[in-house]
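Right, one structure below, let's go through it.
Labels below follow one simple rule: chain letters A, B, ... track the order of the sequence lines, proteins then strands, and each chain is numbered from 1.
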Amino acid sequence: MMTQSSSSQFWLTRPFGERATQIFLGVLFAALLLVTVLHVALPQGHPLHVNAYTVNLFGKYLSYALLAVAVDLVWGYLGILSLGHGAFFAIGGYAMGMYLMRQIGDRGTYGDPVLPDFMVFLNWDSLPWYWLGFDMAWFAFAMVLLAPGLLALVFGFLAFRSRVTGVYLSIITQALTFALMLAFFRNEMGFGGNNGLTDFRELLGYNLRSNDTRLGLFIATGVALALGYILCRAIVTSKLGRVCVATRDAEARTRFIGYRVERFQLFVFVVSAMLAGLAGALYVPQVGIINPSEFSPIFSIEIVLWVALGGRATLYGAVIGAILVNYAKTIFTGVMPDAWLFALGAMFVLVTVLLPKGVAGLLLHLKRRKKSAALPKEATA
Amino acid sequence: MLAIEKLNQFYGESHTLWDLDLDVPEGQCTCVMGRNGVGKTTLMKAIMGEVAVKSGQLRYQGEGGEIELTKKAVEARSRLGIGFVPQGRQIFPLLSVEENLRTGLAARSDGLKKIPERIYELFPVLKEMKHRRGGDLSGGQQQQLAIGRALVIEPKLLILDEPGEGIQPNIVTQIGQVIRQLIKEDGLTVLLVEQKLPFARKYADRFVIMDRGRPVAKGEIAELSNELIKQHLTV
Amino acid sequence: MSLLQSLTTRDRVFDFMAPQASPVDVRHGPILYMEDVTVSFDGFKAINNLNLTIDDGELRCIIGPNGAGKTTMMDIITGKTRPNAGSVWFGSRHNLLQMNEPDIASLGIGRKFQKPTVFEALSVFENLELAMAADKRIFPTLTARMTGEIKDRINEVLETIGLTELRYQPAGILSHGQKQWLEIGMLLMQRPRLLLVDEPVAGMTEQEMERTAELLTGLAGKQSVVVVEHDMGFVRSIARKVTVLHQGSVLAEGSMDQVSSDPKVVEVYLGADDEEAA
Amino acid sequence: MRRFFSLGLLCLLLLSVTVTAQAQTSATVEANDAAALELLNALDVRSYSAKGEAINAILQSDDERARDWLQSLLDGRLQRTDDGRFVVVLDNQGRDWPVADALTNEPLGEMSRRDLDRIGINNNLRNQLRSAIAVVDLYSPNVERRRISASRLLGEVDEELAEPLSQLIAEEEDAEVARRLTQALAIYQVESGELEGVETLRGSLHPRVRVALSRAANSDDPIIADAANEALSSIEQNLKINRGLETLYFGLSLGSVLVLAAIGLAITFGVMGVINMAHGELIMLGAYTTWMMQQLLPGQPGLALILSIPAGFMVAALVGIAIERGVIQFLKGRPLETLLATFGISLILQQLVRTVISPLNRTVITPEWMSGSLVINDALSLTLNRMFVLGFALVVFAALMLIMRRTRLGLEVRAVTQNRAMARSMGIRATRVDIMTFALGSGVAGLAGVALSQLTNVGPNLGQNYIIDSFMVVVFGGVGNLWGTLVAGLSLGIINQVLEPWAGAVLAKIIVLVFIILFIQKRPRGLFPQKGRAAEG
Amino acid sequence: QDDDPIKVGILHSLSGTMAISETVLKDTVEMLIEQQNDAGGLLGRQLEAVVVDPASNWPLFAERARELLAQEEVDVIFGNWTSVSRKAVLPVVEELNGLLFYPVQYEGEESSENVFYTGAAPNQQAIPAVEYLINEVGIERFALVGTDYVYPRTTNRILEAFLKDEHGIADEDIMINYTPFGHSDWQNIVSEIRRFGEEGKPTAVISTINGDANVPFYTELSNQGIDAADIPVIAFSVGEQELTGIDTGPLVGHLAAWNYFMSVDTDDNYDFIDAWIDYTGDEEAVTNDPMEAHYIGFNMWAEAVRKAGTTDVDAVKDAIIGVAVPNLSGGYAAMMPNHHITKPVLIGEVQDNGQFDIVWQTPSTVAGDAWSDYLPGSRDLIADWRKPMECGNFNVVNGSCGGSTAAEEAEAALAE
Ligand SMILES: Nc1ncnc2c1ncn2[C@@H]1O[C@H](COP(=O)(O)OP(=O)(O)OP(=O)(O)O)[C@@H](O)[C@H]1O
Ligand SMILES: Nc1ncnc2c1ncn2[C@@H]1O[C@H](COP(=O)(O)OP(=O)(O)OP(=O)(O)O)[C@@H](O)[C@H]1O
Ligand SMILES: NC(N)=O
Ligand SMILES: [Mg+2]
Ligand SMILES: [Mg+2]
């Protein structure tokens, strides 16, 4: 059980004692390694060769997976069904996008050394203040975490202080992302409106259109996922994690034994938002565009669906769900472009009805079955 | 009235009721006793159909002869005249007191549309708080509401799971008297779960002591000796 | 209240800046002091000019008809319900009406609820672990480790409440009586200065009642205990001083014998034919 | 707006109309046909100015068919065949059209589009035609026609018309027509510097009046300018009030749409607790049902719409039942999972419509009696379609309220959602309650679709556009409270419309969302929260 | 290799919000491929359509484009509707050196080596439309109403500059209003337009309202009694397709500016319509401007392949400049060096049968201008993809080719 003490000195190292984490990290790193080897070592025509397109695709899935982990942290363990996590993801993405835009320099269409193209042709004469600093990588990368973190802090502070819970919280998170979407659609906001930010060229001096950079981003995303996972795992296996679960199930009761519930909620919410921001930042250079549609409420709902499908409150379930759904999307939209929504819809329905605890629940079930088959029946008196 | 045979019940993999046999004679009050967690509540829920049973029979003497309850849907059981006062009250918290009572009208065969005045006579506080939400009532008031609600359906068999819990002493006494009265006047059969010996001794006709999911002693209430109590009810 | 203010009082935002809760000051009298407290719900006065004082180390029984306001009174003390009027002091320093639930709890007021509420998804063991008196701010909680000492304490309590066998089971599957015990266990883990116990023996057998009685009387002296209970046998076995509440205010106060012979109490509560009490 | 008419021509026309009336009886048909063909031939030219002259020629001819031709021309139905005949298209749907001879009115069967050439007109000609027809109609015995033509004269009168106009006013029986003509005359008077006109126009809210007075206010004559200014300011005052009323109406109307869209969800989600992401698609099905009914009953859009009300309810309710039986019943006690499954269903339903019907929007016709506006005064008219929707929303709301408050179903569904096991123990047939409630909520969504088909796109995305708003309204109002949904919907609608004129549509929407977020801080359980111990936990 | 079919990628959303517009474009290309195959294919090889669904999701557009080029190795892509989707796809087709034919009218300000813009640039739609309003209709006041995104914003910016600079229209006679995507409540705005038009000057609305928002807009217009004869609305995004979802009865006389209407009276067009109706099996099926753009684009590409004798991208790119093919309105469309084409501009009035009656057209075709003359930033830019210039944004003032290719060349040089 979770209560088994570990001899570790530092709370972050606690998850390494867990079987599930070991397996997860093992599988993740094996997959990273495998893809890398198959991509680099095998020649183009080889049947097992993994091409850059696929590497790129999986890089994107991994960033989605990190996002799903962030959502599972607040939903699975804290009981906050956030229907607005896309906002944090998008803000992280925009922070990265702004950096990448500034990296274009004078190579843009209009050759303006400072202003991004969309500002030139809409007659902006100078960079708005909130774009300042984004030409520096360290600043931009800090903002990737700080901007979503700050938004989550302010929003969460208000909401948790007022004890907004349940669907009410869900709906205001949705209102948040919806409002941001509308705001970012506005050209006046200075984020490129509907067209968003595109035409990126390089990241930290690496050409974004080169396959090596893609591989690098893929690996970086994998590592970020691993770190994010470990962080979340460390949180949920700590006593704080149990306070979260207690809050999820009986918020008022948790207060009566002396926990300042709103602070715990705020802490975890902010951590989750920052992870989502990180995921967004890794996503943007891999797909080459960030636009306000990442703020759309439906996208945020979809994230929740990945988690639910994978299995809530397991973290690795979120990873499985995110990869599975998005892979299915990729496959279905290619194989049956006219009918893929039927397939995807059916998948959601069937998983819900047949696998009450998601795919992770199925795995757990299979494991238990194997275990109980291995042990001869114990006599129970 | 109700004959239980070889009843087995599981929660997942844990076996809660073991080959349980029990007779509830008509027109009497049978009291089930036993330590915490031995399965009393589970047994009551099994009779009501709230938990599924693995095997065994529940033979109920209804209007039209003997009926096998295990084959009946939950909602049908109350229509057969079984009233249930569950442990923990299970009030509908957002329904008003009156609405809580009215839910019981569904199971009545006579299609009555109004709460029988008798319920309010038994528990005047319910009339007083008719329009208050059930969930706002104090614990004891809720317990009275739960009993009142079960009586609305005019049961033939009344199942009471620790009915006195949280109720002020004079009303507990009153409840006991009502039970006796109903048994006497309407031929009601009562299946009672009760831990408090004085109450059981005073109002029950028969007792059954359960341990680990099966009855271990039973008899007339007068036969409930201190020895039995020590043996089965002490931790 | 204002956003600005709450942002400037930074110790309320950042846990690690919060001062250690100052210990309760009982040098100048009672540990709990309620004066002229009134609560009304949509015009219905559940508590009506209630005055109540609990001394440090006292064990007080509170009885009274259903709906008298006993549970509501506890709600007020623990910060769940805000009274419309009156004052409630913990010791002579802490005005409970200005504090929220966790602050009150960390001051050392523990409560067992009338309807048992436990954390259903957590195991019995974890329920106790969370309840345990400890530094309950974020970072200490995050980095808290399970020491042998803590384990021993939990096991001890598990033993006391008879749930050792079920300690790794999720609390959700416990029977009603077992949940009652778990609630008591959680209260014990908290080691509060003041225990508010709402109907502890409902659903317990006679013998369990005795055990509970022992437990509570054992605690009194070191800690202050307020017990609400309808089982007169139990009350009689532990009672020193009994307060009778009726319609939101005190109807009678005194020893068990005094109040149970009070005709008003007999009329509204005990009933003429009160054999259990005998 | 424009001086579309030379006044000489107008007088000529007035004359010719009277003359035609007398001449008609004696005219010979054969002689007419050759002349008529010539008149029509003159229309078949590329240049619009030449067409304009041809129209004048037709007007001045004394052919009794002139008005019909002009009307057909205005409607774009006057066409020319490859072999040079003129026909009137009777119905222009599809590739082959039934036509009739323009001269003889004889039906000529169907013709292919390839063989027909339209006599095109543009907006200028359209204006000219309308005015021409209007002037003819000024003498029409039909009051309605006279009213329309009188309205068109506002701001169009000048010297030469002023005289016959006074005479017409004197003879006019209909007060409305007379009032209009008087105003038209007064505008002319103001423009020609007569103080008397200003007095007549005082209080009129018609925009043309305002334009005329504004011009007069800048006139050199200080007496006129002062009078005009004074009249203007009282008009402005009055306009402001009317604009306020209009905004209120807009708000109520937007609100009623929100209420309609959300009210079904207030049942399935608010009361039953099912997070039904397919709610929008149920609305969509209702809208498609309306379209389908109109396809089944061509030419009777009104009847089809009325029949769609029960039909839309039934279709959506049946689909709702299928969803409940097929999926939701397996998710009892797992409310969050209903989100996942119903989202899947919504994807399937959307794509189903795309594949089976079409990815394109469908046309739903607004019946005559629902189009246009109810004119309150010259500055305030209420659009009829929205008025119907508003009324419909209130009726649906009242009916639902009755069902939930006054029937057993209402009690039982609340009991079942609050404590399913106990409700069943009380003899409540929970399964049946589930089915009926879900069917009710879904059916109401279908009704919303029927109403929305009159306001917006009927297409596969219809549902998506309303699902977020619906949840927001239900939650904002307070889950489980129907009144809350009504008040929330209407107030959000009004707030939005009040903000829109000064904040713009985008910002208004953002402000409303921020308002919701902040409002929820103040009332964490919505506008009408569930109160009491149980709700507060 | 020679017998392998030529792969034609189709990148149009078949689901999501854009499916409404894009699905027919997918069908159009499939029909054109079928016709081409029936006519013996191209270079003796059959054509094969590779259809994917980017689901109205912009990152997915990039991903699918990459799949088409890297995985499926298609020879050409026909696709995209929204500008943002094109922006998302652009880096991919440039990196993988693909060919993209983009069939929708757009805001301009772009010229990529790998993209061929067969829809209208602003000078092929918006500017002539406004000139028509001023010169032929006598409009003096303009309400520019649009969906809040880049195409309307840019177009309106160009129009605003054009109206003020070229026609001396005063500030107070221009009203600009933006709404969110899918906006469905137009009461206030229409009422505002009504008042704007009641001030005594001839007024028109220039609508760049996108897709789904149009139905409720026109419904509200007609219900508030705004008649085309009083305040005409000229739309740049409303075609026959959009009208299929609107009850056009009350809208007769409102205008649209396109380069093609289904009502164009030529035999080529009737053949195209018949083929389309046969292909879809739907008697009611309509054709529209972007379909014609694909028709032109497809034929141009086919012609260029024939000319080059190969489907090789670089060869086709070179060969296609100057290729002219018949359009459906009785003239020819030629591919210009800036990768835009020549088009006639037509103004149509809505008829009650959902068709447009053409009331005006430019005397000859207009060449698409990648860089607007009315925007300060792009006034000095031209695009010419012929050798030796080969530049999409050549600055005629400082004589240099700025932007993307320069960077790439530098990088390429570095890599070598
Ligand atoms: N849902 C459940 N899942 C698994 N086990 C359960 C569940 N509910 C009860 N149990 C277990 O079944 C046993 C019997 O429970 P039950 O509630 O019937 O006891 P009881 O005799 O009524 O006890 P009490 O006197 O405390 O009410 C207990 O050990 C309990 O832990
Ligand atoms: N939120 C509320 N809304 C309305 N009435 C309430 C609310 N909370 C409590 N009450 C009423 O206040 C009175 C006091 O309730 P309380 O629960 O304190 O009684 P109690 O003394 O604990 O009774 P019991 O012995 O039955 O537990 C009751 O009549 C109850 O109905
Ligand atoms: N290019 C457009 N219409 O987005
Ligand atoms: Mg029990
Ligand atoms: Mg109480």
Side-chain angles (χ1 to χ4, degrees), chain B residues 11-12 14 16 33-42 86-89 91 123 125 128-129 131-133 135-145 161-162 164-174 176-177 193-202 209 226 229-230 232-235, chain C residues 41-42 44 46 63-72 113-116 161-163 165-166 169 173-181 198-199 201-211 228-235 246 260 265-278:
Chain B
Y11 282 117
S14 78
T16 314
M33 314 177 83
R35 283 191 292 262
N36 289 144
V38 296
K40 305 180 295 293
T41 297
T42 306
Q87 189 163 31
R89 305 166 193 124
I91 294 304
F123 305 111
V125 72
E128 217 173 285
M129 311 211 149
H131 299 297
R132 204 171 292 186
R133 275 177 294 266
D136 289 352
L137 298 192
S138 79
Q141 291 164 341
Q142 287 187 5
Q143 188 68 33
Q144 297 176 39
L145 175 56
D161 199 346
E162 311 207 15
E165 188 175 295
I167 300 189
Q168 64 189 79
N170 54 352
I171 300 210
V172 172
T173 313
Q174 196 189 330
Q177 285 162 351
V193 176
E194 184 54 72
Q195 305 279 35
K196 305 283 187 283
L197 283 171
F199 187 85
R201 285 216 160 95
K202 188 151 178 221
I209 297 179
N226 282 342
I229 291 168
K230 195 166 236 155
H232 297 295
L233 298 182
T234 313
V235 189
Chain C
F41 300 105
D42 308 326
F44 172 84
I63 60 174
N66 295 133
K70 305 178 294 292
T71 302
T72 307
F113 286 80
Q114 180 167 9
K115 176 171 184 275
I161 60 177
L163 291 176
E165 253 177 75
L166 295 172
Q169 295 298 324
I173 71 156
L174 297 184
S175 78
H176 186 72
Q178 290 165 335
K179 282 184 186 160
Q180 290 270 45
W181 273 111
D198 205 349
E199 302 201 10
V201 301
M204 286 186 182
T205 61
E206 220 83 347
Q207 278 65 30
E208 288 174 321
M209 256 158 62
E210 279 168 29
R211 236 175 57 202
V228 167
E229 187 45 72
H230 288 296
D231 188 306
M232 286 304 112
F234 177 76
V235 172
H246 180 52
S260 57
V265 177
V266 172
E267 192 206 322
V268 302
Y269 186 62
L270 296 173
D273 176 18
D274 176 31
E275 281 172 51
E276 282 103 324

(request) For each of C:Val268, C:Val228, C:Asp198, tally heavy-atom pairs with chain B at distances under 4.5 Å, and name the one with the top tally. (result) C:Val268
(message) As an exercise, state the distance from CG of C:Leu163 to CG of B:Asn36, rounded to the nearest 0.5 Å.
(response) 9.0 Å
(message) At a 4.5 Å cut-off on heavy atoms, which part of C:Gln169 comes close to chain B: side chain, backbone, both, or neither?
(response) neither
(message) Quick one: does any side-chain atom of B:Gln168 pair with a main-chain N or O of C:Asn66 as donor and acceptor, under 3.5 Å?
(response) yes
(request) Measure across C:Gln114 and B:Gly140 and return the closest heavy-atom pair with its distance rounded to 0.1 Å. (result) NE2-N, 4.3 Å
(request) Write down the atom of B:Lys196, the atom of C:Asp231, and the distance for their closest heavy-atom approach. (result) CE-OD2, 2.7 Å
(request) Only counting residues at least two apart or in another chain, list the ones meeting side chain to side chain contact (heavy atoms under 4.5 Å, CB included) with B:Gln142. (result) B:Arg89, B:Ile91, B:Leu137
(message) Ignoring hydrogens and geometry beyond distance, is a side-chain donor-acceptor pair present between B:Glu165 and C:His176 at under 3.5 Å?
(response) yes
(request) Rounded to the nearest 0.5 Å, what's the gap from CD on B:Gln195 to CD on C:Gln207? Could you check? (result) 10.0 Å
(request) Give, as side chain, backbone, both or neither, the part of B:Lys40 having an atom under 4.5 angstrom from any heavy atom of chain C. (result) neither
(request) Kindly compute the distance separating CD (C:Gln178) from CZ (B:Arg35), expressed to the nearest 0.5 Å. (result) 11.5 Å
(message) Show the nearest heavy-atom pair for residues C:Ser175 and B:Gly37, with the distance to one decimal.
(response) OG-N, 3.4 Å
(request) Check each atom of B:Met129 against the heavy atoms of chain C and say whether the ones under 4.5 Å are side chain, backbone, both or neither. (result) side chain
(message) Is B:Gln87 close to chain C through its backbone or its side chain, or both, or neither, when contacts mean heavy atoms under 4.5 Å?
(response) side chain
(request) Identify which part of B:Gln144 has an atom lying under 4.5 Å from any heavy atom of chain C, answering side chain, backbone, both or neither. (result) side chain
(request) For each of C:Gly67, C:Gly162, C:Ala68, C:Pro116, tally heavy-atom pairs with chain B at distances under 4.5 Å, and name the one with the top tally. (result) C:Gly67
(request) Apply ring pair (Phe, Tyr, Trp, His ring centres under 6.0 Å) to C:Phe113 and list each qualifying residue two or more places apart in sequence or on a separate chain. (result) A:Phe256
(message) So, taking the atom named CD1 in B:Ile167 and the one named NE2 in C:His230, what distance separates them when rounded to the nearest 0.5 Å?
(response) 8.5 Å
(request) Starting at CZ of B:Arg133, measure out to CG of C:Asp42 and round the result to the nearest 0.5 Å. (result) 6.5 Å
(message) Can you tell me how far apart CG (B:Asp136) and CZ (C:Phe41) are? Round to the nearest 0.5 Å.
(response) 7.5 Å
